[in-house]
Amino acid sequence: MSHGSPVRTRFAPSPTGYLHIGSVRTALYAWLYARHHGGTYILRIEDTDRERSTQAAVDAILEGLAWVGLDADEGPFYQTQRLERHREAAHRLLAEGKAYRCYCTREELEAMRAEALAKGQKPRYDGRCRAGDRVRPDVAPALRFKNPLDGEVVVDDLVKGRIVFANAELDDLVILRSDGTPTYNFSVVVDDADMRITHVIRGDDHVNNTPRQINLFRALDVEPPAYAHLPMIHGPDGTKLSKRHGAVNILEYREMGFLPQALLNYLARLGWSHGDQEIFSVDELIEHFDLDRVSRSAASFDPKKLLWVNQQHIMRAPEQQLVALLAEQLERQGVDPANGPPLALTVAALRERSQTMREMAEQAHCYYQEIEQLDPKAARTHLTPAAHGVLAALADALGGLDDWSEAPIEQAVHGVAERLGLKLGKVAQPLRVAVTGRAASPPIGITLVLAGKERTLRRIARALEWVERAAREAGTAGSQP
RNA sequence: GCUCCCUUCGUCUAGCGGUCCAGGACGCCGCCCUCUCAAGGCGGAAACACGAGUUCGAUUCUCGUAGGGAGCGCCA
């Protein structure tokens, strides 16, 4: 295939909106392929559609790619900056008799399409200007490529296998519009040729463009690149992945608290596999990725599995990364990360119980700000009248501690349980609800360390009041006949 | 309509003619661990779309059928 020639891949998004999660997978595969083979990965912005392309979209794409770490070796190149080059190539084809001027009007073309459709045929250009005898000085002509009339184009797709197209099925496509601007299919070929792309890795919505592009390469006297068409990503319901399936904008995943390495891992495994391995570091992906393991059928995006993969990466991520992200999320949620324990401690306690960094931050609220309200269900089941004595004993035992660290705290809590002849759960749970406001938290010792001594004692006192008030209210209610 | 592509548990996938009464993972259910929640361990339910061939033998090869998808612009 690549006879020793260095691999050059590219990702070529058009900036008409945010960076779609499916596009990120395409970029990832192109990037991984280049990295795995020691090649070059190029970023090219296909902004020839001036109507729909925006700078905001360009920025969103660059930001998204930067976030996931898909760094380009060359580029970003902008297709609009290469217009002259495209025109020049088109006129060369014209001069060589490989293209011709088309004077057909819009109405004419539409009529042609309507007619073909009515006859149950594929709408295609019939080549009426190809002979060059329909010159009309009153219309600005477009340039059409003279596609070969017969024979076939064979695509040995690296993931789909051999695909054969009959040239008779292909019509003469416009390469230069009547306003002189190049069309997508032509720009792509000129750019891929100029940038010496060896492997075009893209979505399989492009397979039908491939034979035309190969014909253009040949007309340009350039050896076509190898092609790898990736199957689409569907939503959980099997239809094309879109907004109604949840987030498709890559940057939303950052806000939701996903780790870029987790997203990459999940996306890589969506349509590719390496034995039974599920969790990969980016380096492992680079080491193992290749196109021969890419599946040929569409895959459905599964948010639940993404969550699991993210959690696995949270458990493995460097502490430093998590500390920074936790701080970010807390601030986003309006909580001051300085108003509590060192973030590294919180990360250590919560990294095994968070599927996202957002969730980790939510679980951490009670260590950085006052509790607005106890979880009603947790309070009802654990802050019972019987818990009053327990809490009082805990306040006493914990209040006397000088060393506020995990071991002594647990010792004190165990001591209270023993003295009262209670199972640990009967002591730890009320304490947990009192201190965190919830029924679930890290082990009680760590939890109290995170809360700090002062907060802990204050919250036990408040819980005591809560129990008393509940008892009073119950008593009042009970006395009513 | 035409061209092209796809089809293994709900989902991601392993399987490249016999090792498959089909393996792993997510999710789901149960058990264990256990101060809660997780994490972890163990176990369970759950799939080769259908029909013909080829072959001693098909999940694996070929062809049909059905279902799904993509494309058919002077959009990208």
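We name chains A, B, ... by the order of the sequence lines, and we start the count at 1 in each one.
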Query - Nearest-Å distance once atom C1' is located in both C28(B) and C12(B) - result: 16 Å
Report task. Identify whether any heavy atom of Arg106(A) sits under 4.0 Å from a base atom; if not, whether one sits that close to sugar-phosphate; answer base, sugar-phosphate or nothing. Result -> sugar-phosphate
Query raised in the report: Does the base of C72(B) carry an N or O that pairs as donor and acceptor with the side chain of Arg124(A) under 3.5 Å?
Result: no
Query raised in the report: Hey, does the side chain of Arg144(A) reach the backbone of Tyr100(A) with a donor-acceptor pair shorter than 3.5 angstrom?
Result: no
Report task. Compare side-chain N and O positions of Gln311(A) against OP1 and OP2 of G40(B) and report whether any pair is under 4.0 Å apart. Result -> no
Report task. Quick one: label Leu109(A) by what it contacts on the DNA or RNA (base, sugar-phosphate, nothing), any heavy atom closer than 4.0 Å. Result -> base
Query raised in the report: Does the side chain of Arg113(A) get closer than 4.0 angstrom to OP1 or OP2 of C74(B) through an N or O atom?
Result: yes
Query raised in the report: Which whole number of Å gives the distance between the C1' atom of G53(B) and that of G15(B)?
Result: 23 Å
Query - N/O (side chain, Ser273(A)) to phosphate O (OP1/OP2, A14(B)) under 4.0 Å - result: yes
Requested in this report: Specify whether Phe301(A) and Tyr266(A) have parallel, tilted or perpendicular ring planes, treating 30° as the upper limit for parallel and 60° as the lower limit for perpendicular.
Outcome: perpendicular
Query raised in the report: Taking the side chain of Lys122(A) as heavy atoms from C-beta outward, which of U3(B), U36(B), G73(B) is closest to it?
Result: U3(B)
Query raised in the report: Would you say the base of G40(B) and the side-chain of Glu352(A) have a donor-acceptor pair closer than 3.5 Å?
Result: no
Requested in this report: Output yes when at least one side-chain N/O atom of Arg293(A) is less than 4.0 Å from OP1 or OP2 of G15(B), else no.
Outcome: yes
Query raised in the report: Can a salt bridge be assigned to the pair Asp171(A) and Arg212(A) using a cut-off of 4.0 Å between side-chain N and carboxylate O?
Result: yes
**Report entry** Short side-chain N/O contact from Arg432(A) to OP1 or OP2 of C35(B), under 4.0 Å
**Finding:** no
**Report entry** Test log, rule salt bridge (Lys or Arg N to Asp or Glu O under 4.0 Å), inputs Glu108(A) and Arg136(A)
**Finding:** CA-CA 14 Å; Glu108(A) 215 173 334; Arg136(A) 293 207 305 225; 3.5 Å; yes
Report task. Could you state the atom-to-atom distance from CD1 of Ile279(A) to C1' of A39(B) in whole Å? Result -> 13 Å
**Report entry** Under 3.5 Å: donor-acceptor pair, side chain of Asn310(A), backbone of Leu259(A)
**Finding:** yes
Query raised in the report: Does any N or O donor sit under 3.5 Å from an N or O acceptor when you compare the side chain of Ser178(A) with the base of C74(B)?
Result: yes
**Report entry** His234(A) side-chain proximity, nearest of G24(B), G69(B), C26(B)
**Finding:** G69(B)
Requested in this report: Using the P atoms only, state how far G44(B) lies from U7(B), rounded to an integer number of Å.
Outcome: 30 Å
Query raised in the report: Taking the side chain of Asp302(A) as heavy atoms from C-beta outward, which of U11(B), A76(B), U3(B) is closest to it?
Result: U11(B)
**Report entry** Residue-phosphate contact under 4.0 Å: Arg144(A) side-chain N/O, C74(B) OP1/OP2
**Finding:** yes
Query raised in the report: Within less than 4.0 Å of OP1 or OP2 of U11(B), is there a side-chain N or O belonging to Ser300(A)?
Result: no
Query raised in the report: How far does the P atom of G27(B) sit from the matching atom of C20(B), given to the nearest Å?
Result: 27 Å
Query raised in the report: What nucleotide among U13(B), G24(B), U36(B) has an atom nearest to a side-chain atom of Glu278(A)?
Result: G24(B)
